[in-house]
There are 4 protein chains.
Amino acid sequence: MNRHMTSHMPPHLAPHIPPSDASPEPPHAAPRAALGAAFAAVRAETERRAAPLSAEEQVIQSMPDASPVKWHRAHTTWFFEQFVLAEYAPGYVPFDPRFGFLFNSYYVAAGPRHERPKRGLITRPSVAEVGDYRAHVDAAMRRLIAEADAALFAALAPVVAIGLNHEQQHQELMLTDILHALAQNPLLPAYDPDWTMPGTRRASGMGEMRAMPEGLHRIGHAGAGFAYDNEGPAHRVLLPATRIAPALVTNADWMAFMEAGGYQDPLLWLSEGWAAVEAGGWEAPLYWRWQDGRGQDGRGQGGRGQDGGWHAFGLAGLKPVDPQAPVCHVSYYEADAFARFAGRALPTEQAFEVAAHQGLLDDAFGVVWQWTRSAYAAYPGYRAEPGALGEYNGKFMVNQMVLRGAALATPDGHARLTYRNFFHPHQRWQFTGLRLADETA
Amino acid sequence: MNRHMTSHMPPHLAPHIPPSDASPEPPHAAPRAALGAAFAAVRAETERRAAPLSAEEQVIQSMPDASPVKWHRAHTTWFFEQFVLAEYAPGYVPFDPRFGFLFNSYYVAAGPRHERPKRGLITRPSVAEVGDYRAHVDAAMRRLIAEADAALFAALAPVVAIGLNHEQQHQELMLTDILHALAQNPLLPAYDPDWTMPGTRRASGMGEMRAMPEGLHRIGHAGAGFAYDNEGPAHRVLLPATRIAPALVTNADWMAFMEAGGYQDPLLWLSEGWAAVEAGGWEAPLYWRWQDGRGQDGRGQGGRGQDGGWHAFGLAGLKPVDPQAPVCHVSYYEADAFARFAGRALPTEQAFEVAAHQGLLDDAFGVVWQWTRSAYAAYPGYRAEPGALGEYNGKFMVNQMVLRGAALATPDGHARLTYRNFFHPHQRWQFTGLRLADETA
Amino acid sequence: MNRHMTSHMPPHLAPHIPPSDASPEPPHAAPRAALGAAFAAVRAETERRAAPLSAEEQVIQSMPDASPVKWHRAHTTWFFEQFVLAEYAPGYVPFDPRFGFLFNSYYVAAGPRHERPKRGLITRPSVAEVGDYRAHVDAAMRRLIAEADAALFAALAPVVAIGLNHEQQHQELMLTDILHALAQNPLLPAYDPDWTMPGTRRASGMGEMRAMPEGLHRIGHAGAGFAYDNEGPAHRVLLPATRIAPALVTNADWMAFMEAGGYQDPLLWLSEGWAAVEAGGWEAPLYWRWQDGRGQDGRGQGGRGQDGGWHAFGLAGLKPVDPQAPVCHVSYYEADAFARFAGRALPTEQAFEVAAHQGLLDDAFGVVWQWTRSAYAAYPGYRAEPGALGEYNGKFMVNQMVLRGAALATPDGHARLTYRNFFHPHQRWQFTGLRLADETA
Amino acid sequence: MNRHMTSHMPPHLAPHIPPSDASPEPPHAAPRAALGAAFAAVRAETERRAAPLSAEEQVIQSMPDASPVKWHRAHTTWFFEQFVLAEYAPGYVPFDPRFGFLFNSYYVAAGPRHERPKRGLITRPSVAEVGDYRAHVDAAMRRLIAEADAALFAALAPVVAIGLNHEQQHQELMLTDILHALAQNPLLPAYDPDWTMPGTRRASGMGEMRAMPEGLHRIGHAGAGFAYDNEGPAHRVLLPATRIAPALVTNADWMAFMEAGGYQDPLLWLSEGWAAVEAGGWEAPLYWRWQDGRGQDGRGQGGRGQDGGWHAFGLAGLKPVDPQAPVCHVSYYEADAFARFAGRALPTEQAFEVAAHQGLLDDAFGVVWQWTRSAYAAYPGYRAEPGALGEYNGKFMVNQMVLRGAALATPDGHARLTYRNFFHPHQRWQFTGLRLADETA
């Protein structure tokens with residue numbers, strides 16, 4: 001999801017909030033306790049992810065697409081202050097009335113594009129003050145969840161649910177954004193030396209393909225349970241006969257592509273993809289670098305010695321590339337070129353959803369997001385909701401591609417069969433990989 | 001179609017060339033005569049379109065997306081020289097061996113991006129020399145078509161068919177490109193004072209909608225007859241229940257949108273669309289300008305007087321906007337915003353094709369290209385052909401939107417039910433309009 | 001002089017116009033005849049320079065710094081229409097009232113920066129119509145010069161003198177601009193195959209140096225005779241003891257610099273000069289290219305073969321570099337780096353003027369403009385004149401460097417000891433070379 | 001001085017280092033004690049300036065021209081480690097061998113332009129670690145200064161002097177850079193609420209002018225005492241008769257210029273200055289903003305109310321503009337336009353130096369740097385020194401203008417009559433103002 005979306009999350013969430021039970025609250029009060037527990041857990045997870053980072057590391061912003069960790073922590077807090085406490089908590093006093101301007105990109109009509117790249121210059125409020133802000137809002141939220149009468153609780157619970165899902169998205173962005181920032185430091189500091197990217201179940205994504213015959217399938221979210229509005233309406237689609245790989249493409253597969261000259265052959269690339277290769281000097285996934293036996297970066301030194309190897313910078317720092325692990329930090333352009341190289345294609349998002357539902361896929365969730373060949377677009381009959389939370393629906397439905405699945409950095413409970421992630425085809429700083437498919441029609 | 005594609009047309013054409021009859025040629029030789037006549041007609045149409053333009057007007061290039069008229073005339077000629085005469089005409093001597101470099105963007109591996117914007121600087125060969133070049137190639141082509149033996153004719157006929165379709169695409173671009181160039185001249189010279197944009201059959205595109213129930217339909221090209229490879233494979237799709245407007249959106253409709261503040265309300269726009277509005281200062285379709293009663297441009301003069309009116313620059317020069325005519329020269333972003341303003345959507349390309357096939361649409365062809373909400377992508381099972389003419393298939397299938405129908409400037413015989421035109425969502429210099437639709441699911 | 005200046009020439013000219021004789025006109029009327037002859041000669045020279053160029057070649061503009069030949073022809077004509085005929089010729093009817101907008105950058109308050117790069121898109125008026133425009137104005141001017149009474153003649157004569165000097169500047173720009181345009185054409189067409197760059201009197205600019213002791217000198221224009229206002233006020237300067245080379249730096253000298261790695265050693269360059277080298281990929285003067293024995297451009301092909309050589313594109317087309325000729329088309333940055341390489345410096349403009357006055361220099365005029373190390377600035381006591389013709393005085397006195405002398409393309413009669421030409425330090429498309437100097441203090 | 005220079009300071013300093021006494025050290029050891037005391041004082045001043053800033057504030061970089069405070073602290077430390085300790089302290093072990101890469105822009109041949117804008121992303125070493133680095137180097141330096149034998153001391157003392165002057169320049173940049181960074185924060189935090197810009201001695205810079213007759217004067221540094229090499233060689237100049245204002249231009253003067261439409265009248269501006277006004281939307285000095293009675297920023301809200309006023313953001317935060325204070329944070333372009341508006345000019349740097357030497361000027365030092373109309377260029381006979389410390393001499397002598405005097409932020413002991421500061425004409429973030437002059441020739 002691109003940055004614009006993530007900071008405008010509320011409107012996306014509106015239509016499919018499961019209505020809380022508006023009947024008189026039973027004595028056991030399970031939903032209330034559950035919501036309180038969910039609130040505590042999600043808020044704590046944000047802090048857990050920020051904890052390894054110093055104040056300096058929380059303030060920096062390494063590119064306009066990314067935001068500082070401190071901003072993520074404050075923006076998600078502002079969400080509850082603005083959409084829950086200001087609406088439903090009588091007499092709530094904002095922690096600091098100026099924070100709305102700083103941490104809400106939503107109402108900043110005047111020049112939001114100019115402001116966003118300056119998030120990394122907001123030294124005050126400090127990291128400590130943002131911690132105080134979070135504590136202040138958490139206390140008010142705890143009190144509100146515990147003490148709201150049944151009618152009030154019924155009204156606010158769906159908004160809290162939105163806020164928690166919103167914060168979970170930012171939890172993943174906190175990691176991708178800080179990883180990008182740390183990668184700019186020549187010292188290559190680790191976020192967490194013990195972080196590991198899981199290996200895949202299979203050594204290669206280029207082997208077995210599993211077949212799905214042509215057929216009608218129901219796609220998209222329906223029923224109870226939280227979902228973003230872009231996951232609906234549920235609708236029927238005609239899936240053409242398709243084969244899909246159960247396995248993710250691995251680093252070993254990718255190195256074969258590189259060794260075969262994949263990054264040097266314009267015939268494998270979309271026209272705009274090749275332009276990105278040339279403009280960016282791409283020759284490997286983002287964060288990869290060749291390192292020789294003496295720990296020296298070998299780029300531009302007239303060829304690579306025999307005793308070196310590819311390394312990848314990740315949350316654990318710079319490590320040799322693990323051939324068994326899924327390839328990660330590749331753009332759609334690269335994924336598409338790889339598929340062409342392999343004589344295959346990427347799956348459509350519909351094929352992915354059907355296959356995942358039928359259990360044909362390994363590693364569908366929890367490893368890397370998987371590029372599909374579907375442009376991000378409205379489902380048939382999708383219509384933006386009226387009102388503030390719905391006003392921007394569909395705003396990002398152009399020039400982006402859908403990713404399916406979920407990644408290692410995706411918080412527990414945030415993955416979903418119908419989930420539609422989306423980024424621009426040139427973007428590489430998310431945990432993005434691929435699996436192969438083709439249609440046999 | 002964007003410029004890159006148009007100058008790389010050959011590969012796109014390969015798969016669906018109807019094979020000419022390879023059996024021994026019958027005495028009446030109809031296909032041979034027909035091909036010769038088609039060749040003569042298409043080549044003459046190019047010259048007819050260039051005829052009103054002086055040498056100065058044929059050399060200029062007003063933006064990188066456009067090409068000079070002289071370049072179009074030479075490039076389409078080079079196509080026949082390179083792919084037909086050099087292949088099939090023994091002993092053919094190129095008119096000038098240096099022209100391949102100048103008029104072929106295909107093999108210019110070194111820096112084609114730098115070269116393209118410099119097409120407007122090629123003063124030599126002169127317009128007169130390009131005329132000689134065309135005559136030289138035409139003569140050789142006529143001879144070859146007339147004299148080739150049956151086997152040779154069978155081999156070259158499909159390539160000539162490609163070349164003629166290729167040239168027809170450039171015929172439309174000649175008009176859109178010269179219109180853009182003339183629009184840069186403060187004197188606003190007319191290409192042809194008698195050119196008219198046809199009125200639409202209806203006064204508004206916001207009235208009647210026609211319904212199509214959910215159902216399976218076959219989409220795409222199959223069978224004999226020429227088609228580009230991106231029109232296939234033909235395949236079945238499940239069309240959701242859809243309503244579609246028989247009428248094109250008109251200038252009257254568009255002025256209502258403008259008067260309602262459509263260009264000032266970010267809530268109506270895709271996020272990237274709004275960025276285009278702001279960056280480009282868009283406040284009306286391309287080529288529109290407000291003119292007061294004294295013929296003065298009213299922009300930036302503190303508001304528009306009561307006695308003025310909107311004018312549009314077109315091939316006939318600057319004329320008052322005709323409310324009955326279809327709106328033209330709007331981008332996808334504008335079309336999408338208008339649809340949101342109207343409480344509707346754009347049709348998918350599948351809905352357009354089914355509705356056009358069923359005869360539900362007025363003005364489907366021959367007025368303006370119509371933006372659909374379908375991103376330009378491969379049909380299921382589409383696969384690039386091997387070999388030179390197929391090497392770039394699919395190269396443009398990202399970040400562009402499909403347009404359907406055909407425009408007033410489209411040459412006779414070039415429109416087709418399954419035709420898929422495509423441009424980037426910000427582009428406005430083609431003859432692009434829209435009709436409304438929605439899904440009722 | 002940069003383009004801004006040249007199109008705003010009038011104001012620069014005001015202060016030093018030699019006053020015409022306002023006394024009653026003597027019977028022989030010599031000044032009147034002389035002015036008429038000068039007018040005819042200058043106007044004819046412009047046409048002589050344009051004559052070899054087709055309509056296509058007269059319309060194109062290859063970069064924002066340059067203007068089309070047709071524009072130069074029309075702009076210089078507009079000058080006389082606007083500043084002479086409209087002021088002094090009662091009842092004069094402009095040839096076309098719209099031409100003021102097209103050919104006058106002076107009053108176009110609204111966005112002149114946007115307009116200038118579009119000069120190459122003005123296809124109408126055509127080259128033929130511009131010829132008519134020149135004839136129309138010439139006829140009116142001839143009549144006015146011949147028939148004005150003495151008082152009127154006294155008033156208009158200085159303005160005509162300005163207009164003629166203004167046109168002479170454009171005559172030089174016509175050649176530098178068309179040379180740049182032709183250089184963009186891969187066919188490298190010649191402006192005039194017989195054009196030659198003169199050899200220098202000496203084989204090297206790195207030999208003899210001539211000494212000037214410290215001393216007071218008078219600098220700048222004074223007295224009768226035409227001069228631009230930036231050449232005054234005449235004033236005394238203290239010249240430090242200086243040595244200056246009588247000879248221009250030659251191509252042979254420059255090739256020694258190149259072979260010594262001059263373009264690869266950042267220590268020889270100004271910081272911004274090195275940035276220009278890197279950004280522009282400079283490795284030789286503008287228009288030079290390495291050509292091997294088979295006429296192939298050797299750049300980027302992994303080294304240069306033994307049998308090739310440096311060629312320079314000029315008004316006569318592409319020719320082998322003549323070691324005896326002065327180096328030409330080098331920027332200030334290159335001239336400065338060369339001087340550092342040579343262990344010397346460039347002369348100040350004061351040292352040049354004194355040395356030229358004392359006759360110490362060979363080839364001071366008529367070969368190439370010579371970069372000095374003087375930034376273009378006002379002389380002491382320089383003050384802009386009031387009124388229209390003086391309003392922009394001094395407008396370009398920042399970020400440009402003074403060149404002295406005159407070039408082969410400078411029209412006869414336009415060179416002057418006190419003449420101050422100026423361009424930005426990165427510009428290379430003028431006929432610019434250098435000579436060495438140093439101060440011995 | 002621009003950033004490039006400041007980070008390449010050593011070479012500039014070489015020629016004029018006063019040689020320390022190489023004779024056997026006398027018992028009282030005065031120079032040694034003095035150098036030790038100077039070292040302690042300068043190093044402490046850096047820390048004093050950094051002390052009010054949090055870790056977050058020390059890491060950020062608000063534009064490529066600026067550097068983070070932490071970087072300034074580390075870079076000045078690296079200077080002593082690299083040029084003193086590594087050279088003269090046997091057995092010295094660098095604090096961290098990787099710091100050379102991070103804090104030395106000097107030897108980073110590969111892509112220094114890419115690196116510099118990323119200084120704000122160096123979160124590690126942390127502020128605390130940089131503090132440790134400073135302490136480590138300070139201890140080694142103290143020891144070396146105290147214990148070096150006489151010969152060693154004689155060799156290292158001049159390099160230490162360079163390092164101290166270098167650090168003093170960075171002390172000023174620390175304040176200008178952090179001011180720019182804090183200005184990007186909508187909360188407008190103060191660096192030090194008690195900081196004040198001194199008033200000027202006079203209420204206006206537009207009154208009295210003091211005359212200097214034409215005459216020969218000696219300019220530039222000579223003799224003992226530290227100076228940068230660009231301050232020499234001392235040489236004679238002929239100063240034209242000049243009048244110079246004893247007073248600095250004040251905010252009251254500047255508001256008169258603004259009220260007279262100074263920022264709206266292109267006739268007052270250099271051509272490139274006007275382009276800067278338009279591109280940057282300049283309408284007041286940098287950091288000024290109009291604030292109405294309710295503390296709202298009035299820009300873009302359709303005019304400014306009567307009850308508001310101009311405020312300036314400074315090291316003390318946002319304060320009403322003090323009419324008595326000198327105008328500050330104006331570019332050369334603005335200074336030049338103001339002078340034209342006032343019917344005057346800026347002084348040459350020679351006139352400034354002579355007038356300051358003769359005592360004609362109030363507030364020459366310690367308030368604001370004062371733009372001169374002299375382009376930054378080599379003095380006659382200036383020649384770069386051979387060797388590492390001299391290799392880049394003169395590297396910045398193009399496209400920049402000389403400022404004279406010194407500002408409030410200039411450290412004690414760093415101002416000098418012959419000091420030549422220089423910046424590009426568009427730059428405004430330094431403490432830059434002006435005084436008027438003119439030549440009467």
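Just so we're on the same page: letters track the sequence lines, and every chain starts at 1.
- Contact annotation for A/L216: only side-chain heavy atoms (C-beta onward) come within less than 4.5 Å of a heavy atom of chain B.
- Atom CZ of residue A/R340 and atom NZ of residue B/K395 lie 10.5 Å apart, to the nearest 0.5 angstrom.
- Counting only distance, with no hydrogens or angles, the side chain of A/R383 and the backbone of B/R344 share no donor-acceptor pair below 3.5 Å.
- Applying the salt bridge (Lys or Arg N to Asp or Glu O under 4.0 Å) criterion to A/R236, with sequence neighbours excluded, gives B/E214.
- Counting all heavy atoms, side chain and backbone alike, B/L270 lies closest to A/F396 at CD2-N, 4.4 Å.
- In the displayed structure, B/H357 atom NE2 is contacted under 6.0 Å by at most 12 heavy atoms of other residues, nucleotides or ligands.
- Judged purely by atom type and a 3.5 angstrom limit, A/E439 has no side-chain atom pairing as donor or acceptor with the backbone of B/P380.
- Per-residue counts of heavy-atom pairs under 4.5 Å with chain A were compared for B/L238, B/L239, B/T242; the largest is that of B/L238.
- For the atom pair CD (B/Q400) and OG (A/S271), the distance works out to 8.5 Å, reported to the nearest 0.5 Å.
- Contact annotation for B/Y379: only backbone heavy atoms (N, CA, C, O) come within less than 4.5 Å of a heavy atom of chain A.
- When each of B/A378, B/A375, B/A345 is checked for heavy-atom pairs under 4.5 Å with chain A, B/A378 comes out on top.
- Taken from CG in A/N399 to CE in B/M401, the straight-line distance is 8.0 Å, to the nearest 0.5 Å.
- Residues that satisfy the side-chain hydrogen bond (donor to acceptor under 3.5 Å, both in side chains) test with A/Q370, not counting sequence neighbours, are A/R435.
- Proximity to chain B (any heavy atom under 4.5 Å) is restricted, for A/V237, to the backbone atoms N, CA, C and O.
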